Asks: 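First the structure, which I've put down as structure tokens, then a few questions once you've had a look.
Reminder, nothing fancy here: chain letters follow the sequence lines and each chain counts from 1. Predicted model, so just to flag it, every value in this text is computed and none were measured.
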Protein chains: 2
Amino acid sequence: MICTMSAGRAPERSTRDRLLDAFEGLLVSGGSRAATLDAVAAAAEVSKGGLLYHFHSKDELVEGMLTRLQEQGDADVEKMRSAPQGPVDFYLETSVDSGSDFDRALIAAARVAQENDPRGSAALAALRDAWFGVLSEHVGDEALARTIQLIGDGLYFDDTTGLADPNALSHVRDVLRRLGAL
Amino acid sequence: MICTMSAGRAPERSTRDRLLDAFEGLLVSGGSRAATLDAVAAAAEVSKGGLLYHFHSKDELVEGMLTRLQEQGDADVEKMRSAPQGPVDFYLETSVDSGSDFDRALIAAARVAQENDPRGSAALAALRDAWFGVLSEHVGDEALARTIQLIGDGLYFDDTTGLADPNALSHVRDVLRRLGAL
DNA sequence: GCTACTGTACCGGCTGGACGGTACAGTAGC
DNA sequence: GCTACTGTACCGTCCAGCCGGTACAGTAGC
């Protein structure tokens, strides 16, 4: 009745998903100020009325984005756990892989969290806990796991503020090899 | 709540500085959306007319904030260079010292940079380069210096998204001791 | 096979309020 | 009389949310 497309993943991107994509993209590239309803609708090539048909308020748009993030996050944790190069390298690699859908969703959530929205912080905290669990379990050292996580956060931060250093990842790999974490 | 008044500061803070403090405080705690001219004036206990007497536009407010940041940054780099505990520990310590004026100014600049303002990115990039210079010079290892910087960025990121872990700093110290960087 | 109706998806104009900025008259203290 | 404000009134723009309307697919009744 209300939810018509939650069961199967259709290959064609639904309007709803396109709207969430557009919302995330605008949040990432221009901050929350740029992510107006008009801008989101235009970016998704939908009218404003069409947007508000799917999401009755901006708040619902945030809610929808965060829910989708959680789903993507669960999948990511699974991939991390079973990554052939090991969880640590997988984690670091995906921390600078700013092109992926998941990464964009993460940065968008960080923007929302910065606006004092507790839902954004909660969603990020849940993900961090899950990552830390895998990291900690794999390296068997809480201090090292937390440090690796901080490095990942630093890679994010640089990316989101336009300060990214292309050599950063190889430097980090070098240092982590010395610590026996890679 | 946010601590706007800290003991030990001179009681004679100029209206101009109070306005910049308020602007930074609002940017940090609520993002750029919360930092409206009305809100800044109210937080500084100045009328809107009074605000616009000092800063003729919001743009000038940003400019003033970034200029003050650069001054604070120059002083910080000096302090870092001559810190008794060494530049690395000083850098990490100040990365989590979210109560300081300088830290608030930094986070505020990051917010501005995220809104696609090149002046914000430039100010942060200049500071990062200065820090990296001191770090790199001290540890004599580019990869390690960059990694330490990323850890510092990670500590910031966590702080700004409300994900701060109180044990993070001691964990990092532990790991850096293993690397001979502390 | 036609009518009447329902639900889904979407369009685009509109409004009220917030926000950036202007203008200016007044005033307290040096 | 100058600096450093206060307070009020106002303007244009932007934005969230609302609403009336369109198109169309399905379907129930006759």
Side-chain angles (χ1 to χ4, degrees), chain A residues 1-27 29-66 108 111-112 114-117 119-120, chain B residues 10-27 29-66 68 108 111-112 114-117 119-120:
Chain A
M1 215 80 82
I2 297 158
C3 189
T4 50
M5 76 299 269
S6 61
R9 295 291 136 97
E12 88 249 8
R13 207 116 176 114
S14 70
T15 302
R16 201 190 132 93
D17 273 322
R18 278 194 352 258
L19 284 164
L20 290 177
D21 290 347
F23 184 44
E24 286 173 1
L26 285 162
L27 275 175
S29 66
S32 66
R33 256 198 150 94
T36 67
L37 294 189
D38 281 307
V40 171
E45 289 177 315
V46 170
S47 73
K48 196 175 180 181
L51 189 165
L52 286 162
Y53 171 77
H54 288 283
F55 303 97
H56 299 86
S57 68
K58 202 172 189 180
D59 211 62
E60 270 189 29
L61 203 54
V62 173
E63 203 82 51
M65 189 196 80
L66 258 23
R111 298 275 199 262
V112 169
Q114 283 172 2
E115 303 276 318
N116 263 353
D117 191 323
R119 295 168 303 174
Chain B
E12 289 278 327
R13 189 121 208 189
S14 72
T15 301
R16 201 189 131 91
D17 272 323
R18 273 185 9 247
L19 284 164
L20 290 177
D21 290 348
F23 184 43
E24 286 174 0
L26 284 162
L27 276 176
S29 66
S32 66
R33 253 199 154 96
T36 67
L37 294 188
D38 282 308
V40 171
E45 290 177 313
V46 170
S47 69
K48 193 178 176 181
L51 189 166
L52 287 160
Y53 172 79
H54 288 282
F55 303 97
H56 299 87
S57 68
K58 200 172 190 180
D59 212 62
E60 271 189 28
L61 204 53
V62 173
E63 202 82 52
M65 188 195 81
L66 258 22
R68 201 175 68 163
R111 299 275 199 263
V112 169
Q114 283 173 1
E115 302 277 318
N116 265 354
D117 191 323
R119 294 169 303 173

Asks: Name the residue closer to the 5' end of DNA chain C, choosing between Asp59(B) and Ser47(A) according to the nucleotide with the nearest heavy atom.
Replies: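 That would be Ser47(A).
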Asks: Could you tell me how far apart Leu37(A) (CG) and dC11(C) (P) are, to the nearest whole angstrom?
Replies: 14 Å
Asks: Are any side-chain N or O atoms of Asp21(A) and backbone N or O atoms of Ala44(A), one a donor and one an acceptor, separated by less than 3.5 Å?
Replies: no
Asks: Evaluate the side chain to side chain contact (heavy atoms under 4.5 Å, CB included) criterion for residues Phe23(B) and Val62(B): first the C-alpha distance (whole Å), next the side-chain angles of each, then the deciding distance (0.1 Å), finally the verdict.
Replies: CA-CA 9 Å; Phe23(B) 184 43; Val62(B) 173; 3.9 Å; yes
Asks: Above 12 or not: heavy atoms from other molecules or residues under 6.0 Å from CD of Glu45(A)?
Replies: no
Asks: First and last nucleotide of DNA chain D in contact with chain A, 5' to 3', at under 4.0 Å to a heavy atom: what are they?
Replies: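 Boundary nucleotides touching chain A, in 5' to 3' order, are dC15(D) to dC18(D).
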Asks: With a 4.5 Å cut-off on side-chain heavy atoms, are Arg68(B) and Asp17(B) touching?
Replies: yes
Asks: List the atom of Ala34(A), the atom of Ala39(A), and the distance in Å for their closest heavy-atom pair.
Replies: O-CB, 3.5 Å
Asks: Could you tell me which non-hydrogen atom of Leu51(A) sits nearest to which non-hydrogen atom of Val46(A), and how far apart they are?
Replies: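 Distance-wise, the nearest heavy atoms are N-CG1, 3.6 Å.
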Asks: Under 4.0 Å from OP1 or OP2 of dG12(C): is there any side-chain N or O of Lys48(A) that close?
Replies: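 No, Lys48(A) has no side-chain N/O under 4.0 Å of OP1/OP2 on dG12(C).
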Asks: Any sub-3.5 Å donor-acceptor pair from Arg33(A)'s side-chain atoms to Glu115(B)'s backbone N or O?
Replies: no
Asks: Which part of the nucleic acid, if any, lies within contact of Leu52(B), taking any heavy atom under 4.0 Å across all strands shown: a base, the sugar-phosphate backbone alone, or nothing?
Replies: base
Asks: Let me spell it out: for each of Tyr53(A) and Glu45(A), pick the nucleotide of DNA chain C with the closest heavy atom. Which residue's pick is nearer the 5' end?
Replies: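 Its nucleotide being nearer the 5' end, the pick is Tyr53(A).
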Asks: Between dG20(C) and Arg33(A), is there an OP1 or OP2 to side-chain N/O distance shorter than 4.0 Å?
Replies: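 For dG20(C), OP1/OP2 do have a side-chain N/O of Arg33(A) under 4.0 Å.
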Asks: Any heavy-atom pair between the side chains of Phe55(A) and Leu20(A) that's under 4.5 Å?
Replies: yes
Asks: Taking for each residue the nucleotide of DNA chain D with the nearest heavy atom, is it His54(B) or His56(A) whose nucleotide lies nearer the 5' end?
Replies: His54(B)
Asks: Identify the two heavy atoms, one from Lys58(A) and one from Ser32(A), that lie closest to each other, and give their separation to 0.1 Å.
Replies: NZ-O, 4.3 Å
Asks: Only Watson-Crick and G-U wobble pairs, only distances under 3.5 Å, only runs of 3 or more: what stems does that leave for DNA chain D?
Replies: C:1-30 with D:1-30
Asks: Have a look at Thr36(B) and say if it touches a base, only the backbone sugar-phosphate, or nothing, with a 4.0 Å heavy-atom cut-off.
Replies: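 Touches sugar-phosphate only.
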